[in-house]
2 protein chains.
Amino acid sequence: METPPQRQRPGRAPAQGNRTGRPRQAEVARLAGVSQATVSLVLAGRTDKVSIAPETQRRVLEAARTLGYVPDPAARRLAAARNNMLGVFSFTATFPTDVRHSYYPFLVGVECEAAEQGYDLVLFTGSSTGGAGSGGPEALSRVRLADGCLFLGRHAPAAELRRLVDDGFPVVHLGRRDELDGLSWVGADYISASREVVAHLAALGHRKIVLVREDDEAPASTDREHGFLKGLEEAGLPAGPDAVFRTADPASALTPDVLRGWLDAGVTALVAEETDTGAAWLALERTVAEAGLSAPDDLSLAVLGSPPPERDSAPVTGFDIPRTELGAAAVRMLVALVAGEEAQEPLVACPFRPGASVGPPPTPAG
Amino acid sequence: METPPQRQRPGRAPAQGNRTGRPRQAEVARLAGVSQATVSLVLAGRTDKVSIAPETQRRVLEAARTLGYVPDPAARRLAAARNNMLGVFSFTATFPTDVRHSYYPFLVGVECEAAEQGYDLVLFTGSSTGGAGSGGPEALSRVRLADGCLFLGRHAPAAELRRLVDDGFPVVHLGRRDELDGLSWVGADYISASREVVAHLAALGHRKIVLVREDDEAPASTDREHGFLKGLEEAGLPAGPDAVFRTADPASALTPDVLRGWLDAGVTALVAEETDTGAAWLALERTVAEAGLSAPDDLSLAVLGSPPPERDSAPVTGFDIPRTELGAAAVRMLVALVAGEEAQEPLVACPFRPGASVGPPPTPAG
DNA sequence: CTCACTAGCTAATGCGTATTAATCATGCGC
DNA sequence: GCGCATGATTAATACGCATTAGCTAGTGAG
C-alpha cells in the first residue's frame, strides 16, 4: 500500500556495450585473459573433448563467478537449435472455469515429466479470441514454435493436425485417436481395465452382467464395451446383444421397471461406463435407489472408471484412470519423437479399484 | 491397441538444410522471390517505416502461410530482445497434487489476459529435481528467455529474484512482497476488505469483536489484522490487544472455554482470517459447534476471505479473493513493465460477500 | 539532360553462444 | 635438427531474426 512498486535500481554497473548490463562470455574472457571460445568450452564442461589446462579453467570459472555471469538462454537455445520447449494445446482454455472438465490432472503429470526431461511448457489456447495470431485456421501453426506439441481434448481440428504431422512436426495426442494415421497418441487401456472388472464380477459368481452405456462413438466408450464383452467371453458368460444397454439418454431410459426386468431375467450385476458427464453411472445409481434396491446386497454395481467424486459415499468398484500418469507418458512419448526416436507403447494401464458396491450374487430365493 | 503409432509419413519434403525441419524466413523469402530482410519486415508489420509494395507483401504473407512459418522465439529474443512470451514461474509445481494450494484460479486469469494482450505463456518449473539446468542459479535464469516473468508463491529465492530485478528484467510477483525493493507485485487488498467486514459487523450493532488469526508473519496475515484494527478504530470500537487472538495452533488453542470467556466478556462477533490451511476458520467453526452455539443466533461469525469450499453449507459472511482478476492484473502489470512503462496500482479489491453467519448481536438477556 | 529525391528493396551486420577447423608451441623419437 | 603427434587455445562460423545503411530504378523539377 505504501510501497508503489518501482524498478531499475542502480544496483549493478550499467553496461559494457551490451544491451542488458549483464556480463557476456566475452567479458568473462577478457577478465580471464582467454578467448570467448575457451570460456564457452569451460563453462559447458566440454573439457573432456577439448582439453583445457586446469589452471586456465580455474581462471575462467573465477572470472565468471566474480562477474556473476549467467548464460543467456536465448542465445544458448539458438546456437543449440533446440528450444527445449514443448507446446500444450487445448482447443478450449487450458484452465477452464468449470473444473469438472478440466485437464488439470493431466497437466500435473505433464508438468512434472516435462521438468524431469528438462523441457519448459508453452501454453496455447485454441479458444483465445484476440491476442497473438489467433483466429484463422493457421492458429494451430503457432505451436511450431515449440519443439513438439501435446494436444488435449478431441476438438483439435483434424485438418490442421494432419498438416503438422505431415510436416514431420512432433505431435502427441492425449487420448486415443486412430482416424488420423501417423498421429501418435497415448491413452488409457480401457479394454484391459474393463475386462478386469468383468473378471472380478465373474469370479464372485455373477453369471449375467449388463453394461449400461451412452450412445457415443468415442473410442473411450467403444473400448469399454469391447473390454466388457471380452471379459464376458473369457469368463464363458453369454455376451449377446442384450448384455449391453445402450441409450442416448440414460437418465430417462433407465427406469426402475427396466431394472427389475433385468433382475427377473437373472441379472445380478450391472456395470456403467464413465464418461465426461457421468450420465450412465448417475442414472444407474439413482434408479437403483428409486427401485428400493441397494448394492451389494440386492445386486452388484461397478463403474468402468471413477465415479464423479461426490460426497463421502462408499467407494464404488471399478478402475482408476491414471490421468497424471497419462500426462507423463504423453510427455515421454513427445520427447522421444522430438529426439527422432520411435514412439513407444501408447497404452497406460488403469489400476483396478476394489470397492464396496460388489459382492457375491444374492442367493436366488432368500 | 492394434495401431502402434508411427510417424514421419512421406508427406512433405523433410527439410531444406536447416537443422530443425521448421521453415525459416530464408525459405519463405525464396518461395516469395524476395530477400530474407523483406520477409522480416513484412511479417513484423514494419511496412510503415520501410515501405513495401502491397503486392510484395501479399506474396510474402502467402508464402509464409503455405510453409507454416512461425518465428523462432530464441532468435527473436536474441535479435530484438523480445519474443512476445511471458514466463510463469513457480518454485513449487504449478499444478500441485494438493489442489488446495493450487495456483489454478490465478492461472485462469493469467492465461486469459495473456492471450488478450497477445502474449504466449511459458511455464517454467523450478521444482524439477534432476533434468536439465535444474538446481543452480541457472534454474531461475531460464526465465530470461521470455520478455518478462510472473512469479507465483513465496518460495522464489530472493537472491535470484534480486538479480533479475537488478538486471532490469521485468518481473512481477503474485502476492505482496515488500522485502525486495524494486520488485513489482500485485496483491489483494486485504486491508480494505477486512475493514469492510468489520464495518459491516459494527453497523449491525456489534461492539466487541475478536479476530482469530494464526501466528504468521506473512503479509496476507498482517494485512488482515491491520484492516481489522483499522475497521474497529473507524467504528469507534476498542481495538486493544485482546481484540486479536493470535495462536500458532488454533485447533487446540481455541477451546470452548476460551469462546465462552469471550461471550461472557461481551464479545458478540468473531472474525477468522483465512490462510492456505484455513486452520483459524476451521477451528473457530468447530469450536462454536462444540460449545453448542450457532451463528448467527448466539453470535456472529465472519471470515476474512472465502472458507474452504466444503459441502453445501450456508454461505459465510466475508470477502472473496478475486484470484482470477489478480492473475489478469499481474499480467497487465507485467506487460506494462515489458513495454517500459511504469507499474500501476498493485492492489486489487476483494468484493464483500454477504452471508448467513452474521446478524445483529443477541439481546443481552433473553 | 542532369540532379535531387523517393519508393522499394536488399546486403550486411549484430545479438550471445556452441562448435569446428585451424594455429601454435612443445616435446619426442630417430 | 626434422618431422610429427599431442595438448592447449583461438579464429571463424553458424544459429535465425531484426535492423540499418545503402543501392537501384523511376519521377519530377530545374
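The basis for the numbers below is simple: all heavy atoms, side chains too, and nothing from hydrogens, waters or symmetry mates. Note on naming: letters A, B, ... go to the chains in the order of the sequence lines (proteins, then strands), and numbering restarts at 1 for each one.
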Gap between atoms NZ and C1', on B:Lys49 and C:dA7 respectively (whole Å):
17 Å

Using whole Å, report how far CG of A:Leu78 lies from P of C:dT17.
11 Å

Determine: side-chain N/O of A:Ser40 to OP1/OP2 of C:dG16, distance under 4.0 Å, yes or no.
no

Check this for me, if you would: do B:Arg22 and A:Asp167 make a salt bridge, where the nitrogen-to-carboxylate-oxygen distance has to be below 4.0 angstrom?
no

Would you indicate what B:Ala37 reaches in the nucleic acid, counting non-hydrogen atoms under 4.0 angstrom: base, sugar-phosphate, or nothing?
base

How long is the straight-line distance from CD of B:Glu345 back to CE of B:Met333, given to the nearest 0.5 Å?
7.5 Å

Rounded to the nearest angstrom, tell me the gap between atom CD in B:Glu55 and atom C1' in C:dA7.
16 Å

Taking the side chain of B:Ala53 as heavy atoms from C-beta outward, which of C:dG8, D:dA18, C:dG16 is closest to it?
C:dG8

Considering non-hydrogen atoms only, spot the tightest contact between A:Val143 and A:Phe169 and give its length.
O-CZ, 3.4 Å

Consider the side chain of A:Gln36, meaning its heavy atoms from C-beta on, and name the nucleotide among D:dC17, C:dC15, C:dT17 that approaches it most closely.
C:dT17

Taking only N/O atoms, report every protein-nucleotides 21-25 of chain D pair under 3.5 Å with atom names and distance.
none

In whole angstrom, give the distance that lies between atom CG of A:Asn84 and atom P of C:dT17.
16 Å

Compute the bend angle of the helix from C:dC1-D:dG30 to C:dC30-D:dG1 from the end axes (five pairs per end), rounded to 10°.
70°

Whole-Å distance between D:dT9 P and A:Arg30 CZ?
19 Å

What are the two closest non-hydrogen atoms of A:Tyr69 and A:Gln25, and how far apart are they?
OH-CG, 3.2 Å

Separation of atom CG in B:Asn83 from atom P in C:dC15, rounded to whole Å:
18 Å

Hey, are B:Asp147 and B:Arg76 close enough for a salt bridge, meaning a charged N less than 4.0 Å from a carboxylate O?
no

For a side chain to side chain contact (heavy atoms under 4.5 Å, CB included) with B:Phe89, tell me which candidate from B:Leu140, B:Leu161, B:Leu164, B:Val171 qualifies.
B:Leu140

Verify the contact: side-chain N or O of A:Ser35 to OP1 or OP2 of D:dT9, cut-off strictly under 4.0 Å; return yes or no.
no

Which is true for B:Arg46 with a 4.0 Å heavy-atom rule: it touches a base, it touches only sugar-phosphate, or it touches nothing?
sugar-phosphate

Hey, which sits more toward the 5' end of DNA chain C by its nearest nucleotide, B:Arg59 or B:Ala79?
B:Arg59

Which of these nucleotides, C:dT19, D:dG16, C:dG16, is closest to any side-chain atom of A:Leu41?
C:dT19

Got a salt bridge between A:Arg162 and A:Glu160, using NZ or NE/NH1/NH2 to carboxylate O under 4.0 Å?
no

Starting at atom CG of A:Leu43, determine the distance to atom P of C:dG16, rounded to an integer number of angstrom.
16 Å

Thinking salt bridges, do B:Asp178 and B:Arg176 make one under a 4.0 Å N-O criterion?
yes

N or O in side chain of B:Thr38 less than 4.0 angstrom from C:dC9 OP1/OP2
no

Nearest-0.5 Å distance that lies between atom CZ in B:Phe151 and atom NE2 in B:His173:
8.5 Å

Length of the line joining B:Tyr69:OH and D:dC17:C1', which is rounded to integer Å:
7 Å

Nearest to the side chain of B:Ile52 - C:dG16, D:dG16, C:dC9?
C:dC9

Phosphate contact (C:dT17 OP1 or OP2) by A:Arg76 side-chain N/O below 4.0 Å
no

Closest heavy-atom pair, B:Leu326 versus B:Val348, reported as atoms and distance to 0.1 Å, is CD2-CG2, 3.6 Å

Is any side-chain nitrogen or oxygen of A:Ser51 closer than 4.0 Å to OP1 or OP2 of D:dT6?
no

